Amino acid sequence: MWHSEGPVDLTLLEVAPRDGLQNEPEIVSTDDKVRVIERSVGAGLRRIEAVSFVHPQRVPQMADAEAVMAGVPRAAGVSYAGLIFNDRGLDRALAAGVDEVNVVVVATDTLSHRNQGCSSAEGVVRWLGLARRAAEAGVRRTVTIAAAFGCPFEGEVATSAVLELVRQVAQAGPEEIAFADTIGVGTPDRVRALVTGARALAPAPILRCHFHNTRNTGYANAVAALDAGVQVLDASTGGIGGCPFAPNATGNIATEDLLYMLHRMGIRTGIDSRAVSETGTWLGQVLGRPVPALLGRAGPFPAPV
């Protein structure tokens with residue numbers, strides 16, 4: 001049920017090259033990172049979070065960001081995103097030729113200090129400044145609210161607190177606001193409440209969700225997000241990834257497994273799930289162990305003839 005051309009009902013943002021590989025103990029070569037991206041583009045993915053412009057001592061897996069960006073295929077309609085945390089990161093991202101930047105604002109102070117060295121309020125101020133500079137440079141701007149459903153250090157995160165952050169970050173006029181379930185504790189009811197509340201507060205930006213399947217709720221949350229009107233979902237080929245600064249933040253939802261579900265539901269994505277599944281299997285060989293995704297093990301249904 002792959003539609004290689006024509007309209008799509010939902011956009012997927014492939015995050016394996018960045019959020020996927022940043023949590024792996026192995027340092028994956030630049031060539032293999034570029035190969036993941038090439039294979040993703042070949043499968044029909046058109047938005048890819050390729051790199052993070054973070055200090056290499058903090059996340060050594062992302063130390064080759066410029067080299068990766070220099071090697072990615074510049075196909076028509078493909079947009080490459082880079083994660084940034086500060087002005088230096090934005091300088092590097094612009095010089096490397098990213099199409100969009102993603103800035104994270106963490107919903108709790110404890111995780112924000114561990115992840116970014118600042119409070120949540122200071123993170124909002126950083127975002128406002130970075131968004132202004134990115135707009136002047138003509139680069140698409142996304143702000144991601146991390147730990148939007150729960151924090152490994154402070155516990156529950158109230159929907160009202162996240163919505164207040166939405167109100168604050170929306171002042172910069174982002175093209176997109178994303179909600180990240182950093183430690184995989186969200187449930188469909190919370191997803192619907194947050195997305196519905198955010199749409200009322202900020203009707204202009206695209207809404208995106210980033211789910212981890214840490215407690216086996218990621219795919220149910222993805223369906224809830226779609227039902228609530230989310231237009232973009234993050235997913236990671238192979239289901240790899242997590243946050244190195246949040247304990248037990250394992251397992252993004254797998255691109256190939258998400259595609260199987262979406263395509264069986266009749267939702268058009270323009271992505272070849274079989275090609276993505278083959279990339280997931282290959283990625284497991286690169287990492288030296290099977291990836292969490294299940295489609296590569298069970299195979300498609302109906303079986304190809």
Side-chain angles (χ1 to χ4, degrees), residues 10-24 28 32-41 43-54 59 61-62 64-65 68-69 72 78-85 93 98-104 115 140 142-148 176-184 186 206-214 218-219 221-222 225 230-246 249-259 262 269 271 273 275-277 279-280 282-284 286-287 291-293:
L10 175 73
T11 298
L12 263 59
L13 175 60
E14 175 59 57
V15 301
R18 199 284 299 177
D19 193 50
L21 294 178
Q22 74 168 8
N23 209 41
E24 292 296 319
V28 174
D32 281 338
K33 290 176 183 175
V34 171
R35 185 62 180 141
V36 171
I37 294 169
E38 289 174 339
R39 295 180 69 131
S40 297
V41 172
L45 285 146
R46 291 297 176 261
R47 287 186 68 191
I48 298 172
E49 189 179 54
V51 290
S52 173
F53 296 95
V54 64
V59 186
Q61 293 90 337
M62 296 289 108
D64 58 349
V68 171
M69 285 302 301
V72 299
V78 176
S79 180
Y80 293 111
L83 182 69
I84 63 170
F85 292 95
V98 301
D99 302 293
E100 50 187 288
V101 292
N102 181 23
V103 179
V104 174
N115 191 54
R140 179 187 177 98
T142 292
V143 57
T144 296
I145 300 177
E176 186 174 74
I177 297 175
F179 302 109
D181 188 7
T182 307
I183 56 171
I206 291 170
L207 295 183
R208 190 180 96 228
C209 284
H210 176 104
F211 296 119
H212 288 202
N213 201 40
T214 313
Y219 299 96
N221 290 338
V230 161
Q231 297 150 284
V232 185
L233 290 173
D234 288 4
S236 173
T237 295
I240 63 171
C243 176
F245 305 106
T250 56
N252 291 286
I253 57 175
T255 307
E256 54 265 56
D257 294 353
L258 179 63
L259 285 169
L262 295 173
T269 66
I271 304 166
S273 60
V276 175
S277 182
T279 298
W282 170 81
L283 190 53
V286 171
L287 298 174
V291 294

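Note that the structure is a prediction, hence the values are computed from the model and not measured. The chain is numbered in sequence order, starting from 1.
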Exercise. Kindly indicate, with the supporting measurements, whether the criterion side-chain contact (heavy atoms from CB on, under 4.5 Å) is fulfilled by Phe85 and Val103.
Key: CA-CA 6 Å; Phe85 292 95; Val103 179; over 6 Å; no
Quiz item: Excluding sequence neighbours, so at least two apart, what forms side-chain contact (heavy atoms from CB on, under 4.5 Å) with Thr279?
Solution: Arg39, Thr237, Trp282
Quiz item: Is any side-chain N of the basic residue among Asp64 and Lys33 closer than 4.0 Å to the acidic one's carboxylate O?
Solution: yes
Quiz prompt | Main-chain N/O of Val59 paired to Gln22 side chain as donor or acceptor, under 3.5 Å | solution = no
Exercise. Would you name the heavy atoms of Leu233 and Leu258 that are closest together and state the gap between them?
Key: CD1-CD2, 4.2 Å
Quiz item: Under 3.5 Å, side chain of Thr255 to main-chain N/O of Ser236, donor-acceptor pair present?
Solution: yes
Quiz item: Within the distance-only criterion (no hydrogens, no angle test), does the side chain of Thr144 pair as donor or acceptor with the backbone N or O of Ala146 below 3.5 angstrom?
Solution: no
Practice problem: Apply the side chain to side chain contact (heavy atoms under 4.5 Å, CB included) test between Glu14 and each candidate in Ile48, Val41, Asp19, Ile37; give the one that qualifies. | Solution: Ile48
Self-check item: From Asn23 atom CG to Asn252 atom CG, the distance as rounded to the nearest 0.5 Å
Solution: 9.0 Å
Practice problem: Might you point out which heavy atoms bring Thr182 and Ala147 nearest each other, and give the distance in Å? | Solution: OG1-N, 2.8 Å
Quiz item: Could you give the distance from CZ (Phe211) to CG (Asn221), rounded to the nearest 0.5 Å?
Solution: 5.0 Å
Self-check item: Tyr80: which of Val51, Val68, Asp99 passes side chain to side chain contact (heavy atoms under 4.5 Å, CB included)
Solution: Asp99
Self-check item: Shortest non-hydrogen separation from Pro17 to Val36 and the atoms involved
Solution: CG-CG1, 4.1 Å
Exercise. Begin with the C-alpha distance, continue with both residues' side-chain angles, and end with the deciding distance and a verdict on side-chain contact (heavy atoms from CB on, under 4.5 Å) for Thr214 and Ile183.
Key: CA-CA 7 Å; Thr214 313; Ile183 56 171; 5.7 Å; no
Quiz item: When you measure from the side chain of Tyr219 to the backbone N and O of Asn213, does any donor-acceptor pair fall under 3.5 Å?
Solution: no
Quiz item: Which residues pass the side-chain contact (heavy atoms from CB on, under 4.5 Å) test with Val232, sequence neighbours left out?
Solution: Thr11, Leu13, Arg47, Glu176, Ile206, Arg208
Practice problem: Using atom types as modelled and distance alone, determine if a side-chain donor or acceptor of Thr142 lies under 3.5 Å from a backbone N or O of Asn102. | Solution: no
Quiz item: Can you check side-chain contact (heavy atoms from CB on, under 4.5 Å) on Leu262 and Leu10, steps first, answer last?
Solution: CA-CA 9 Å; Leu262 295 173; Leu10 175 73; 3.5 Å; yes
Quiz item: Judged by atom type as modelled, is there a donor-acceptor pair below 3.5 Å linking the side chain of Asp181 to the main-chain atoms of His212?
Solution: no
